[in-house]
Amino acid sequence: MSKGSKSTIVIGAGIVGIATALRLQMDGRKVTVIDPKAPGRATSFGNAGSIAIGAVYPTGSPGNFKQLPKMLFNRSGPVSIRWSYLPWLAPWLWRFFVASTPARVEQISTELSALVAPAGEAHKALMKAHRIEGIVKPLGWLKVYTGEASFRSTLEERLVMQKLGVNLQLLNQDELRQLEPGLAPNFTHGAFQPDNLFVTSPVKLAEAYAEAFTRLGGSILAETAVRFERDGNRVARVVTDLAIHEAEHVVICAGAWSGRVCEMLGIRVPLDTERGYHLNLVQPEDGPKLTRPVVIGDHGFVLAPMQDGIRLTSGVEFAGVDAAPDFTRIKRMLPLAQKALPGLSANVTREWLGHRPSTPDSKPVIGSAPGLENVFLGFGHGHIGLTLAARTADLLADRIAGRPADIDLAPFAANRF
């Protein structure tokens with residue numbers, strides 16, 4: 001419970017931070033969220049909308065690392081690097097390489113499986129508790145391919161998923177047509193994860209959690225944390241650009257900016273950003289129909305039928321958090337998207353860039369901050385921040401309350417690197 005005027009302060013109002021704040025508020029704590037941006041308006045705004053409980057395979061793998069040079073020189077490929085950023089990225093890439101061996105991939109996948117398997121149920125419980133309806137639908141996640149070669153390139157990932165009990169259905173050309181008749185008929189292979197949930201507007205889910213949080217008495221402040229004042233091994237106050245806040249606990253959920261916040265406390269985590277772009281395409285009423293997010297496996301982009309249009313999301317760009325956006329690559333993907341979904345409109349109503357907070361081993365940082373008894377960490381979720389938001393919230397709430405976790409959090413500790 002809160003003590004006097006002290007708050008549990010959550011830094012970050014993205015989907016992870018706001019879900020964590022809500023979960024802590026439900027424990028009866030006085031909670032304050034600090035973020036210069038409104039809830040869900042940064043990285044959480046523009047993802048592909050999947051609560052991906054089958055997301056057990058790390059980004060780093062022998063196959064992916066081997067294909068990286070080829071990807072980088074493909075002007076319409078899923079990965080790009082701003083070469084001027086390479087000197088800063090190199091240490092992260094080396095750790096990424098070390099985490100990409102077969103033995104490490106097997107270990108990381110097992111650890112991720114324990115983390116993500118209950119992620120859908122965690123969101124369902126949080127939504128049910130606050131009567132949030134109509135945003136999340138049980139529609140699954142589909143990947144499609146135009147031939148045996150591209151489909152076979154994902155064999156290792158599928159074998160790992162099946163070994164870890166992910167519900168994965170392999171579909172032929174006819175079955176794909178039945179599931180998504182609007183797709184081009186040349187897709188011959190598919191992999192369908194029916195247990196994944198589809199968030200039809202990620203920002204609306206973040207806003208719904210934020211509304212429930214404030215309804216319970218929580219505060220959201222449009223401020224920027226600039227430093228911390230310590231009392232021994234505790235943080236006593238959070239100093240922002242506008243005020244000083246007494247702190248009972250501090251929870252850092254600042255996404256790709258979490259590394260900078262942690263450095264103020266002397267905590268260093270190898271965190272970078274896999275920048276992701278999207279285009280919002282508004283369709284006429286007689287436009288193509290798409291039911292669920294679909295990964296076009298040959299090119300590494302996603303088409304997702306959001307509430308405000310079909311969202312085309314790109315792969316990964318490494319350029320840090322400060323570089324200006326470059327929409328050249330994702331605009332090159334638009335003709336490929338129109339081939340994949342015939343009749344897709346080119347009416348772009350939004351161009352968007354977000355910053356996925358990524359660790360080299362594809363695992364988030366969740367748990368206590370090293371050396372600080374009242375600071376807790378929840379960031380670095382990479383491609384599965386939306387997936388793990390409510391799950392991370394549950395784990396952090398349990399840790400702060402002294403309740404036992406249902407999994408070993410050591411693989412997700414900040415000092416594992």
Side-chain angles (χ1 to χ4, degrees), residues 5-18 20-21 24 29-39 41-44 85 88-89 91-92 95 218-273 275 319-323 354-360 363-382 385 392-393 396 399-400 409 412-417:
S5 61
K6 292 184 178 181
S7 285
T8 294
I9 297 177
V10 177
I11 299 176
I15 188 68
V16 175
I18 210 68
T20 298
L24 292 169
R29 300 182 184 280
K30 178 183 178 183
V31 184
T32 300
V33 174
I34 293 174
D35 195 316
K37 293 187 177 180
R41 289 286 167 174
T43 305
S44 301
Y85 186 66
W88 286 268
L89 182 64
W92 189 96
R95 292 177 182 270
S219 299
I220 301 175
L221 304 179
E223 302 176 13
T224 301
V226 296
R227 62 185 174 88
F228 299 93
E229 294 183 354
R230 293 172 58 162
D231 182 5
N233 64 350
R234 296 179 61 85
V235 168
R237 286 165 290 279
V238 178
V239 180
T240 74
D241 55 342
L242 298 177
I244 299 174
H245 303 278
E246 299 288 328
E248 182 183 5
H249 307 95
V250 175
V251 188
I252 300 174
C253 299
W257 292 267
S258 297
R260 293 179 178 179
V261 177
C262 285
E263 284 180 1
M264 299 178 198
L265 292 166
I267 302 167
R268 286 175 172 78
V269 177
L271 186 73
D272 213 288
T273 175
R275 293 154 56 106
V321 295
D322 298 320
H355 301 81
R356 303 182 190 96
S358 297
T359 63
K363 296 185 299 181
V365 174
I366 302 174
S368 302
L372 292 165
E373 67 177 50
N374 70 329
V375 178
F376 303 85
L377 311 175
F379 57 81
H381 295 80
T392 300
L396 288 174
R399 175 58 62 95
I400 292 171
L409 285 179
F412 310 100
N415 59 5
R416 70 182 186 266
F417 298 102

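Index from 1, following the sequence.
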From CA spacing to verdict: side-chain contact (heavy atoms from CB on, under 4.5 Å), Ile18, Ile220: CA-CA 9 Å; Ile18 210 68; Ile220 301 175; 3.9 Å; yes

Could you walk me through whether Val251 and Ile400 pass side-chain contact (heavy atoms from CB on, under 4.5 Å), step by step? CA-CA 10 Å; Val251 188; Ile400 292 171; 3.8 Å; yes

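The two atoms that bring Ala225 and Ile34 nearest to each other are N-CG2, 4.2 Å, heavy atoms only. The shortest heavy-atom contact between Val16 and Thr20 is O-OG1, 2.8 Å. The two residues Pro360 and Pro270 have their closest heavy-atom pair at CD-O, 3.1 Å. Considering every non-hydrogen atom in both Val33 and Gly12, the closest pair reads CG1-O, 3.7 Å. When all heavy atoms of Val10 and Gly17 are compared, the pair lying nearest together is CG1-O, 3.6 Å. Among all heavy-atom pairs drawn from Arg275 and Arg356, the shortest one is O-NH1, 3.6 Å.
Counting heavy atoms from C-beta outward, Val269 and Phe379 have side chains that approach closer than 4.5 Å. A 4.5 Å side-chain heavy-atom check between Leu265 and Val250 finds every atom pair outside the cut-off.
For the atom pair CG (Leu271) and OG1 (Thr359), the distance works out to 7.5 Å, reported to the nearest 0.5 Å. The structure places CD1 of Ile15 at 12.0 Å from OG1 of Thr43, a figure rounded to the nearest 0.5 Å. Taking NZ from Lys30 and NE2 from His249, the interatomic distance works out to 14.0 Å, rounded to the nearest 0.5 Å. One distance of note links CG of Asp272 with CH2 of Trp92; it measures 6.5 Å at 0.5 Å rounding. Residue Leu242 holds its CG atom at 4.5 Å from CD of Glu223, rounded to the nearest 0.5 Å. The structure places CG of Leu221 at 5.0 Å from NE2 of His245, a figure rounded to the nearest 0.5 Å.
Under the 4.0 Å criterion applied to side-chain N and carboxylate O atoms, Glu248 and Lys6 are not assigned as salt-bridge partners.
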Let me have the donor-acceptor pairs involving side chains of residues 364-373, under 3.5 Å, with sequence neighbours excluded, atom names and distances please.
from   : atom 1 : to     : atom 2 : distance (Å)
Ser368 : OG     : Arg399 : NH1    : 3.0
Glu373 : OE1    : Asn233 : ND2    : 3.3
Glu373 : OE2    : Arg234 : NH1    : 2.9

Anything under 3.5 Å between a donor and an acceptor, one on a side chain of residues 252-262, the other on a protein residue two or more places apart or in another chain? List them.
from   : atom 1 : to     : atom 2 : distance (Å)
Ser258 : OG     : Ala254 : N      : 2.9
Ser258 : OG     : Gly255 : N      : 3.0
Ser258 : OG     : Gly255 : O      : 2.8
Arg260 : NH2    : Asp322 : OD1    : 3.4
Arg260 : NH2    : Asp322 : OD2    : 2.6

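Considering only residues two or more places apart in sequence or on other chains, Thr392 meets the side-chain hydrogen bond (donor to acceptor under 3.5 Å, both in side chains) condition with His381.
Checking side-chain atoms of Thr273 against main-chain N and O of Pro357 turns up no donor-acceptor pair under 3.5 Å.
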